[in-house]
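Report on one structure; see the data block that follows.
Remember, it's 1-based here, ligands and their atoms both numbered in the order they're listed. All of these numbers come straight from a predicted model, not from anything done at the bench.
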Amino acid sequence: MQAVHFGAGNIGRGFIGTLLYQAGYHTTFVDVNEAVIAEINRKKQYEVVLAAEQKESLMVKNVSGINSVAKPEAVVEAIAQADIITTAVGPNILAVISELITEGLRKRLETNQQPVNIIACENMVGGSSLLKEKVYARLNDQDQAAFSNHFGFPNAAVDRIVPNQTNEDMLTVSVEPYFEWVVEKPAIKGEIPVIPGITYVEDLAPYIERKLFTVNTGHTVPAYVGHLLGYETINEAMKDEGVQEVIEGALGGIR
Ligand SMILES: NC(=O)c1ccc[n+]([C@@H]2O[C@H](COP(=O)([O-])OP(=O)(O)OC[C@H]3O[C@@H](n4cnc5c(N)ncnc54)[C@H](O)[C@@H]3O)[C@@H](O)[C@H]2O)c1
Ligand SMILES: O=P(O)(O)OC[C@@H](O)[C@@H](O)[C@H](O)[C@H](O)CO
């Protein structure tokens, strides 16, 4: 089974790529960072370390990479053959990658009649819907109809803290042991991808809202309040008892 994943960053390697490997996929990472892509192709594996007292680690194998700036045609080909397509690039980049995704899906319609699902794994409400909108803006009515017969864009909620980090091996990634990947089932086209760790739900709204308004509220409040108080970093802000009180109040309000 072949997966194409856009964004070989923290969530790409540390979360989505890990679950895809465990589910038996070969994952082709697509990224604009040549150093990371070259290293993935050289090593063909990378280490994921669980940030817990017992530092368990896992070697993720069956991976390769494509630099989408240098080899866009290889990305188009990979999409045409993929069994699943995922992203973790950041909300603002979805519009950018929509061009290659559109070309890949067009090529796929010519060569491969299998349905495929494109799942945006970003911190936002309606990430896959936004990607679909950007793809459909590039299509005429006839192509839109063909795309909607074959391609699903189920929305998702992803939760796993993978902080910015620098490791001796640039591919190694340290991750929070806990994770949650929730995907909107009614939007799936074709067979439901069997990926242990994905929870399929009928209605994603309560899951994405719970995630963003709990976990991310806890991260965002010290950023906003800290900025207002003139702190340079969240770490500095967190040492201020007044900021701690505001955070506790905000989290108390969403219980
Ligand atoms: N890190 C976390 O704890 C966390 C947790 C949940 C959700 N998220 C979300 O996951 C997404 C990714 O976050 P991250 O922490 O992995 O960021 P990251 O910066 O580590 O990774 C993003 C990757 O996307 C790549 N990229 C940028 N432009 C691209 C393009 N045009 N084509 C292909 N790749 C491109 C970057 O080079 C980078 O490797 C974001 O939406 C973030 O909000 C992050
Ligand atoms: O990448 P951002 O700015 O959307 O969010 C930064 C962190 O708060 C975020 O990545 C959390 O670690 C994550 O949402 C946990 O699941």
Side-chain angles (χ1 to χ4, degrees), residues 4-20 27-40 46 48 50-51 63 65-72 74-76 78-79 85-104 118-128 130-131 134-135 155-167 170-183 197 207-224 226-227 233-235 237-238 247 250-251:
V4 171
H5 177 86
F6 284 79
N10 287 328
I11 288 296
R13 298 199 312 284
F15 184 1
I16 310 304
T18 305
L19 265 61
L20 290 171
T27 299
T28 301
F29 286 101
V30 175
D31 205 298
V32 293
N33 183 332
E34 172 56 25
V36 169
I37 292 300
E39 199 62 358
I40 290 174
Y46 62 84
V48 175
L50 295 188
V63 292
I66 305 174
N67 177 335
S68 52
V69 176
K71 294 191 176 158
V75 179
V76 168
I79 291 174
I85 299 161
T86 51
T87 79
V89 288
N92 294 336
I93 306 294
L94 291 175
V96 178
I97 63 173
S98 69
E99 185 177 358
L100 268 184
I101 291 180
T102 308
E103 283 180 42
I118 303 97
I119 309 177
C121 304
E122 316 288 350
N123 264 342
M124 64 186 292
V125 175
S128 307
L130 176 68
L131 181 57
K134 300 294 176 193
V135 167
N155 287 306
V158 286
D159 187 6
R160 174 169 242 180
I161 296 176
V162 188
N164 280 335
Q165 53 195 280
T166 313
N167 298 302
M170 73 157 77
L171 296 182
T172 297
V173 57
S174 178
V175 304
E176 174 190 24
Y178 173 84
F179 65 82
E180 185 175 67
W181 185 2
V182 189
V183 175
Y207 294 89
I208 185 73
E209 289 185 6
R210 181 194 63 187
K211 195 269 159 165
L212 294 178
F213 298 148
T214 56
V215 180
N216 296 101
T217 295
H219 297 169
T220 308
V221 169
Y224 292 162
H227 176 71
T233 64
I234 290 180
N235 195 29
M238 291 295 291
I247 299 167
L251 292 176

For [X], atoms of ligand 1 separated by under 4.0 Å from a heavy atom:
X      : value
Gly90  : 11 (C), 40 (C), 41 (O)
Val30  : 33 (C), 34 (N)
Cys121 : 10 (O)
Arg160 : 2 (C), 3 (O), 4 (C), 5 (C), 6 (C)
Pro91  : 41 (O)
Val89  : 24 (O), 34 (N), 35 (C)
Ile161 : 3 (O)

If I apply the N/O under 3.5 Å rule, does [X] come out as touching ligand 1?
X      : result
Lys211 : no
Val162 : yes
Asn123 : yes
Glu122 : yes
Pro163 : no

Protein heavy-atom contact under 4.0 Å for atom 16 (O) of ligand 1? yes

Protein heavy atoms near atom 10 (O) of ligand 2, is at least one of them under 4.0 angstrom away? yes

Identify, for [atom], the protein heavy atom at the shortest distance, and state residue, atom and that distance.
atom                    : answer
atom 27 (C) of ligand 1 : Val32 CG2, 4.0 Å
atom 32 (N) of ligand 1 : Ile97 CG2, 3.5 Å
atom 1 (O) of ligand 2  : Asn123 ND2, 4.3 Å
atom 13 (C) of ligand 2 : Lys211 NZ, 3.5 Å
atom 7 (C) of ligand 2  : His219 ND1, 3.6 Å
atom 21 (O) of ligand 1 : Gly9 CA, 3.3 Å
atom 26 (N) of ligand 1 : Asp31 OD1, 3.9 Å
atom 20 (O) of ligand 1 : Asn10 N, 2.9 Å
atom 15 (C) of ligand 2 : Asp159 OD1, 3.4 Å

Drop me the distance from [X]'s [atom1] to [Y]'s [atom2], to the nearest 0.5 angstrom.
X      : Y      : atom1 : atom2 : answer
Glu99  : Ile101 : CD    : CD1   : 11.0 Å
His5   : Leu20  : NE2   : CG    : 8.0 Å
Cys121 : Asp159 : SG    : CG    : 12.5 Å
Thr87  : Ile11  : OG1   : CD1   : 11.5 Å
Asn33  : Ser68  : CG    : OG    : 10.5 Å
Ile247 : Met238 : CD1   : CE    : 4.0 Å

Side chain [X], main chain [Y], donor-acceptor under 3.5 Å:
X      : Y      : answer
Thr18  : Arg13  : yes
Tyr207 : Ala157 : no
Glu122 : Ala120 : no

Expected list for residues 173-182: side-chain donor-acceptor pairs under 3.5 angstrom, two or more places apart:
residue: Glu176; atom: OE1; partner: Ile161; partner atom: N; Å: 2.6
residue: Glu180; atom: OE1; partner: Arg210; partner atom: NH2; Å: 2.5
residue: Glu180; atom: OE2; partner: Arg210; partner atom: NH2; Å: 2.9

Taking it one step at a time, do Val89 and Leu94 satisfy side chain to side chain contact (heavy atoms under 4.5 Å, CB included)? CA-CA 7 Å; Val89 288; Leu94 291 175; 4.1 Å; yes

Less than 4.5 Å apart, side chain to side chain, heavy atoms only: is that true for [X] and [Y]?
X      : Y      : answer
Phe29  : Ile16  : no
Ile66  : Ile37  : no
Val183 : Ile119 : yes

Is it true that atom NZ of Lys211 has more than 12 heavy atoms of other residues, nucleotides or ligands lying nearer than 6.0 Å? yes

Pick from Gly7, Ala88, Ala157, Ser98: the one approaching atom 22 (C) of ligand 1 most closely through a non-hydrogen atom: Ala88

Which of the listed options, Val158, Val215, Val96, Ile11, holds the heavy atom that is closest to atom 14 (P) of ligand 1? Ile11

Under a 4.0 angstrom heavy-atom cut-off, which atoms of ligand 2 come close to Asn216? 8 (O), 9 (C), 11 (C), 13 (C), 14 (O)

Honestly, for Thr220 the part within reach of ligand 2 (heavy atoms, under 4.0 Å) is neither

Given side chain to side chain contact (heavy atoms under 4.5 Å, CB included), test Ile79 with Glu103 step by step and report yes or no. CA-CA 9 Å; Ile79 291 174; Glu103 283 180 42; over 6 Å; no

Where does Met124 meet ligand 1, judged by heavy-atom distances below 4.0 Å: at the side chain, the backbone, both, or neither? neither

Ile93 contact mode with ligand 1 (heavy-atom cut-off under 4.0 Å): side chain

Considering all heavy atoms, the nearest Gly12-Ala88 contact: N-CB, 4.1 Å

